[in-house]
Structures are given as C-alpha cells and as structure tokens.
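Heads up, the thing below is written out as structure tokens.
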There are 2 protein chains.
Amino acid sequence: MPATIRDVARASGVHISTVSRTFSAPHLVNPETRVRVLACAEDLGYRPNRAARALITGRTHNIGLIIADIANPFFPPLIKAAEGQARHRDYHVFVADTNEDAAAEEELVHALAKQVDGVLLCSPRMSNSLIEQVSREVPVVVINRHVAGLPCVVMDVGQGARSAIEHLLGLGHRRIALLCGPRGSWTNREIRRAAGAAARSGGAELTLLGPNPPTETGGGAQAEQVCRSGVTAVLAYNDLMAIGLIEGLDQLGLRVPEDVSVVGVDDIALSRLTRPKLTTVATPTAAAGRTAVDMLLQHDSEPRPRGGGRAVVVGDRRTTAQVMLQTELVIRDSTGPVPGSGRTRPGGLPDGPGPHRRADPGGPAGTTGGVVAS
Amino acid sequence: MPATIRDVARASGVHISTVSRTFSAPHLVNPETRVRVLACAEDLGYRPNRAARALITGRTHNIGLIIADIANPFFPPLIKAAEGQARHRDYHVFVADTNEDAAAEEELVHALAKQVDGVLLCSPRMSNSLIEQVSREVPVVVINRHVAGLPCVVMDVGQGARSAIEHLLGLGHRRIALLCGPRGSWTNREIRRAAGAAARSGGAELTLLGPNPPTETGGGAQAEQVCRSGVTAVLAYNDLMAIGLIEGLDQLGLRVPEDVSVVGVDDIALSRLTRPKLTTVATPTAAAGRTAVDMLLQHDSEPRPRGGGRAVVVGDRRTTAQVMLQTELVIRDSTGPVPGSGRTRPGGLPDGPGPHRRADPGGPAGTTGGVVAS
DNA sequence: TTCTTCGCTGCAAACCTTTGCAGCACGAGC
DNA sequence: GCTCGTGCTGCAAAGGTTTGCAGCGAAGAA
C-alpha cells in the first residue's frame, strides 16, 4: 500500500535510480526531472524505506539508548536531551528499560545491535568485561561509568561528593553516613572513594550504609539504621534515596535539617519540590545525553567500507575520548548546622541566601563544559 | 564482520534456507541438522538481521511510542509498562518526545511509519482529523484521547473529576477553581465537563483558570490568580500543576489545606513525596500502556498478504475497540474542610484515616480492569 | 518391481534501496 | 568528420532474509 521508489519511478517516467538520486544526490539529476520526480513523490506520499536503505548502506540512522530505569526521574532529562540531539542529526532513538538488571541489559544490546548504528549504555549494571565484549558487536558509548578503552561520559561525582562533605563539615558535622547505591554502580564507588577521603581529611567519621536500591523505598528503608547509628548528617547516593530517607526519618520523628542533615546527588526536578527542598549535587544530565550522542555519531560518520571484500582496518581508529562533566553543589534547605551547636547557617540568617545558594528555577549553569580526560 | 545467515550455512554445510527455517520453523528441519546449525550459529554469534527480515515479512517487530513530554513524570510508568509488554511479545519500542508540539508529532509519525508496525499516540496534541489521516499510513492506537473510529485507551477522568468535586463539596467547599491544562487535550475537556456538571448539581461555583502548560511552572503561575479569585479549593489538571500551585500559594503565604484545598489528577509517584501529600485522582497509567500495546499487536498479528499481487481487503477488519480504564480518588493531606467552618475531616479525627484513605505504598488497586465502551 | 507418500532440503524470487559503471546525446575542438 | 568531454540516465548487482515450489531419497503399499 505505501508507495515505493518504483511507484514514483513509474509515475514520473524515469528509472528508479533517478528517483533515488533525486533524494540522495540531487545535483546529479536534471533540474527539470528533479521537480517532476519530487512532484510525483509528494503526490504519492512517498517516503524512502529506511530499513531497505539500511540494508545496503549499513547505516540505520537509529541509535539505541539503554537505561536502567526510566521511572527514575534522573533519566528522563537525559533521554530527552539525547533524543533531541539525535533528531538534529536525523537519527532516531530506541529507548529500552532494563529494570536494573544486568542480564536484561546484555540481551537488549544484542537485540538492538543490528537495527541501530550504536548504543548508549546509561549507568550500566553489567561488568566492565561484558561491556567490552558487547562493544565489539556494536559501537558503544558508556554514560555514568568509566570503562578503559571505551568512549565514556561521566559526571565528576567525586568532586561533588567532596563538596558535599566539606559543606557538612563546615556546618559542624563530624558523624556522617553515606547511603550507598546499588552494587555494580561506578558512580557509587566514586562517591564512596571521594566522600571517604574528604571525611578523613576533615577528621570526620563516615559510616557506610548499603548497598541499597536507588529508589525512595531504598532510602526510606535505611531510616531506622540512620537513626540508630547516631549520625547527624547523611550523603545519599541520589536524590530519590535522600527524599525517601527524609520521609522515613519524618515517620520516626526526626526532623530535617534540625535533627539530621541530608544531601542528595543529581538535582532532579523533584528535589526542588519536596519540603524541605533538597541540598544536592547537581549533575549535568542533559549535557551528558547530548555529549554521548555526539561522541557516538562522530565516530559513526566515518564512511563505512562497502562491497563483498573484507574491510581494511586502518589501525584502531576508535577515538576513545573520555569526557568528564563538572558537578556543582546546590545548597537548599535539607542541610543545617549540627544539632546543639548553636551555629547558624553559613550565609548569616537562618534562611537567607548563602554564597552558593541558588534561586529556584533554572537548570545547572556552566556545567556543560567538559574536561577531556584522555 | 557480524555473521550472516550465509556464514552459518557455509559452516554447517546446508543451504541458507535451512538455516532460516531452523529459526523460524524448526519443525521443518531434521533434528540432527537443527542441532548442527544451532551449534554453528551459536559459535559464530549469529543473530538474524531484523531489518532484512522486515523487508520481506513486512513486520519490523518494532512499535513507536510518541509522547508529549518524557520529563513529565506521568509518562515514564506508562512507557515502562508498554515496553515490558512489548518485549514480552518480542517487540521493541522506539520512544519519541515531541515537546508538546503538534507539528513535531506529525513529523515523527511519518518518520517512524516505515520502521515500526504501529504507533502508540500518547496524549496527542494533534487534531483529530490529522490523527485519522496519519492512521491511514500506519496502524495507530491513541492513548488519553477519544477519536471516533480509532482504537483508543482512555482513563475515566470524568468520573475522577466528579469524585474529586464531590469530595470537596463534602468538605463544605462552594467556591472551587479548575486549573485547566493545555489546549487540545482531550483529558482537559473531559475534566472540565464533568467537574462543571458536578459543581453545578452540588450548588457550587466553578471558576475556570487557563489554559496552562501542564507543568509545575504552569501551576505555580496561577497561584496569584487563585488567591485573588477567593476560591477555597482547586482541582488541577494534573499533579504537577497541583504541586506547582501549592508551592506558589505557599510563597504567597497561603497554606494547604488550611486555607485552600488542592486536588490533582494522575497520582504520580511524586504526589506521595511532597508535603502535604497530594489528594489526587489515580489513573492506571501502567495498565493503559499495557492495554494499548495489546490492542496494537492484536490487530497486528493478523497475517499480512504477500507477493506482487494487490492485497485483497476483506472488509474493514479494524476492530476499533475503545477501552476506558477506571480511576480512583485517593485522599491524602492536601484537602481539608473549608476554612472557618469548624468542620473536621470526614473521617472523624482531623488527621485520622478516613474511609477512602489509602496507606502510602502500593499502586492503584483494582484499576486494571477496563470498561469496554464500544 | 513400480508407484506413492513423506520428510527433508535446495533453488530462486522477492522485498526496497543504493551505487559503480556503462551508455547515450550533444556540443566543442581539432 | 572524428574524437573527446560533459551531463544525464539506465542497468544491474548487492545487501540479508523468507518462503512457495520442486526435487530427492527412502520407506511403505500394491
């Protein structure tokens, strides 16, 4: 039923190759012929069949985006940014959700491999060696994880965690808990490493709680543990857990920030809407999505050798750039001076705008510039 | 580089058609041959090329999911459910975001048409006639909108709005505002219609505010207007707007629910996390996603005529089922008795669990069953 | 022995497009 | 008049798979 290139050719009285060229190499066809063909195509509602084109060009003009959990509000802005950037370059995005399951991840990469030109692996739960393995099947850009030899986009959560701990130290906290994220998360390891170092050099004690699922429930479930441990401040793996924790603490009768200070990571939209508003480490998620698409497509736009002969590999051309995007601590209302210290907030007035304090609206500014590490 | 069916055939010493049959019609090939072929395939890491298969079968095993705004937390659960259901049936989902733009929607349907077997149009902003038009190009199931002659999945927001208004009437409110959603939204019209009727029959006055963008910002921007209008309760188009409104009212010094009661629609996860927790009309989003996929694929699993000859159309086989899913009012903390009435909450104690009151965790129960309307 | 039947396998067309190559007409230069 | 170049178009192969049809060998029936 849908018009093919042949229908257009018949209607305009030319060969199909001329129709093809009308679209893919217009300068090669006589202007008069061109307008005639275009008119017929328009008339028949012809649209080239991308699948058939992919068969011969080897380019599908699709990219796969594999996500641990779409329902986690951290991801949608990233997806949206990636999708926009891809569309800009005439690419479509296939989004797949793995439910935080490593096996599902692998399965999906395989299933997608043949119908996409590359895959964005977002916060993968797979092992590094498995990632390397699948990357031999299809070009891959990894987001939120560092894998040697593969193009990666990561956020500098280490720096963020350090800032968060220093912020808490400055408020007088010396007993701090780290609410860990899921096992296998690179981000989790980074945060733990940096927070541990910062706490140590500040003379504070850091209690590790977890691993936990990176959800509100995961955070809430640790409320009692936090309570029992006697810490006065908590750095959570992400905002969702921080919010769940605040909720859980509330039910135990502990108030935030009066009794316990809580810091999250990510700066999801939600963190501005809860009460108290969440102090958190803002990560440039949208920029990460855009950057990853660019890296994938840059590597991808090199012409692919064609024909039956074996491709000549001109050395390993993989430009394994690794980009690290900067993070920024955003101080809101979920952190305060250590209880019983008589201190006030560093900004002066208990609720006044402090030095780092940020107005409500507006996304992370100045976080789009990346540091190229390698 | 990736192994093709030909490589497997060569390795196992059979014709490619036998390899093909090994996968698509195993009962037609000798068990011995089968195991040999499977072993070779496994060995070479062969995966059938879905694009090539699509070319001949006319089935891509992909479905498109067109969403107004991924970043709106209403959608991710729907996407996730649709994706899971699709994967169950060996389908993949391409998600596309239109930024609430009707033109982008149309463009995307066209772009996707050839590489998917059908499209899920989710809360479309296009006109009905345009939807009908694109539905001639590719099978379509519409979600959150009623379009005559097309398969649709809608939520009974009318019933939900009625319950919400009745709940407010029961609390003594007689001056109520309706915070409208975006122009072109079917849901918006339904809510307006049902809320208007319910208010009228309850002797209350309903003030319409809007249209507004369906976001926190959109809700917050109307706070002043709400304040000035002197209403004591507000029903918002969705939770996001309700939350934004509460935020805005708070900044104007009005407290919820003491000064103003607010009801949302959707019951997004977020509505349990804000303070006060939101009273809202729960919509079965996940069920909607699953149902829509089922409707699309049921209609799709009918064998497609093949060969050069023109297809014989056996009457219009489009089973244009229209499913309406039930909604449920969830009473939480953002609604209370009209100010100065001396009333208490209907449950008895000001904060005790009322009859409809629901415990925190757990999704909407009993909302998966649908009412088939036609 | 001859004829069927049956189970399995091979053959080749078809799906829709891209692209290197060849062919054609025409004008210019010699 | 012949050659050459140029601008445009047609031809046909290729890409990976599915599938109707035919063929083949063996077993069973007559």
Side-chain angles (χ1 to χ4, degrees), chain A residues 1-37 40-41 44-61 113-115 117 303-311, chain B residues 1-37 40-41 44-61 113-115 117 303-311:
Chain A
M1 193 66 214
T4 77
I5 201 173
R6 231 171 295 271
D7 299 323
V8 179
R10 205 175 314 129
S12 47
V14 298
H15 195 259
I16 54 165
S17 52
T18 304
V19 179
S20 174
R21 275 188 279 258
T22 303
F23 291 98
S24 52
H27 60 281
L28 288 181
V29 18
N30 188 319
E32 282 180 41
T33 318
R34 198 179 349 175
V35 299
R36 189 154 36 97
V37 170
C40 289
L44 294 165
Y46 168 74
R47 308 234 163 203
N49 183 328
R50 293 173 85 123
R53 172 185 295 174
L55 199 54
I56 189 157
T57 61
R59 295 263 97 97
T60 62
H61 269 245
K114 286 285 190 359
Q115 44 190 348
D117 295 341
R304 231 186 62 151
R306 196 183 150 259
R310 278 285 152 257
Chain B
M1 194 68 212
T4 79
I5 200 173
R6 232 172 292 273
D7 299 323
V8 179
R10 205 174 314 130
S12 46
V14 298
H15 194 260
I16 55 165
S17 53
T18 303
V19 178
S20 174
R21 275 188 279 258
T22 303
F23 291 99
S24 53
H27 60 282
L28 288 180
V29 19
N30 187 317
E32 282 179 42
T33 319
R34 196 180 348 175
V35 299
R36 189 154 36 97
V37 170
C40 289
L44 294 165
Y46 168 73
R47 310 236 162 202
N49 183 328
R50 295 173 83 124
R53 172 185 296 172
L55 199 54
I56 189 156
T57 61
R59 296 265 97 97
T60 63
H61 269 243
K114 284 287 188 359
Q115 43 190 349
D117 296 341
R304 231 187 61 153
R306 195 181 153 260
R310 277 286 150 258

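Within every chain, numbering begins at 1; the chains are lettered A, B, ... in the order of the sequence lines, protein sequences first and strands thereafter.
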Side chain to side chain, [X] and [Y], heavy atoms closer than 4.5 Å:
X      : Y       : answer
V8(B)  : L44(B)  : yes
V29(A) : V37(A)  : no
T60(A) : Q115(B) : no

OP1 or OP2 of [N] less than 4.0 angstrom from a side-chain nitrogen or oxygen of [X], does that happen here?
X      : N       : result
T33(B) : dT9(C)  : yes
S17(B) : dA12(C) : no
S20(A) : dT17(C) : no

How many Å lie between [atom1] on [X] and [atom2] on [N], as a whole number?
X      : N       : atom1 : atom2 : result
H15(A) : dT18(C) : NE2   : C1'   : 12 Å
R6(B)  : dG10(C) : CZ    : C1'   : 14 Å
N30(A) : dT9(D)  : CG    : P     : 5 Å
L28(A) : dC21(C) : CG    : P     : 15 Å
N49(A) : dA14(C) : CG    : P     : 18 Å
I16(A) : dT19(C) : CD1   : P     : 13 Å
R59(A) : dG16(D) : CZ    : P     : 14 Å
L55(B) : dC15(C) : CG    : P     : 9 Å

| Taking atom CZ of R34(B) and atom NE2 of H27(B), what is their separation to the nearest 0.5 Å? |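 Output value for this atom pair is 9.5 Å.
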| remark: Rounding to 0.5 Å, atoms CG (N30(B)) and OG1 (T18(B)) come to a distance of 10.5 Å
| Per the atom types in the model, does the base of dG10(D) pair as donor or acceptor with the side chain of R21(A) at under 3.5 Å? |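 Flag set: donor-acceptor pair detected.
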| field | I5(A) side chain, from C-beta outward: closest of dT17(C), dT9(C), dG16(D) | value |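 Of the candidates, dT17(C) comes closest.
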| said: Let me spell it out: for each of T18(A) and R36(B), pick the nucleotide of DNA chain C with the closest heavy atom. Which residue's pick is nearer the 5' end? | reply: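 In this pair, the answer is R36(B).
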| Looking across every strand, which nucleic acid part, if any, lies under 4.0 Å from V14(B) by heavy atom: base, sugar-phosphate, or nothing? |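 Sugar-phosphate contact only.
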| said: Any base atoms under 4.0 Å from Y46(A), or only sugar-phosphate, or nothing? Heavy atoms, all strands. | reply: sugar-phosphate
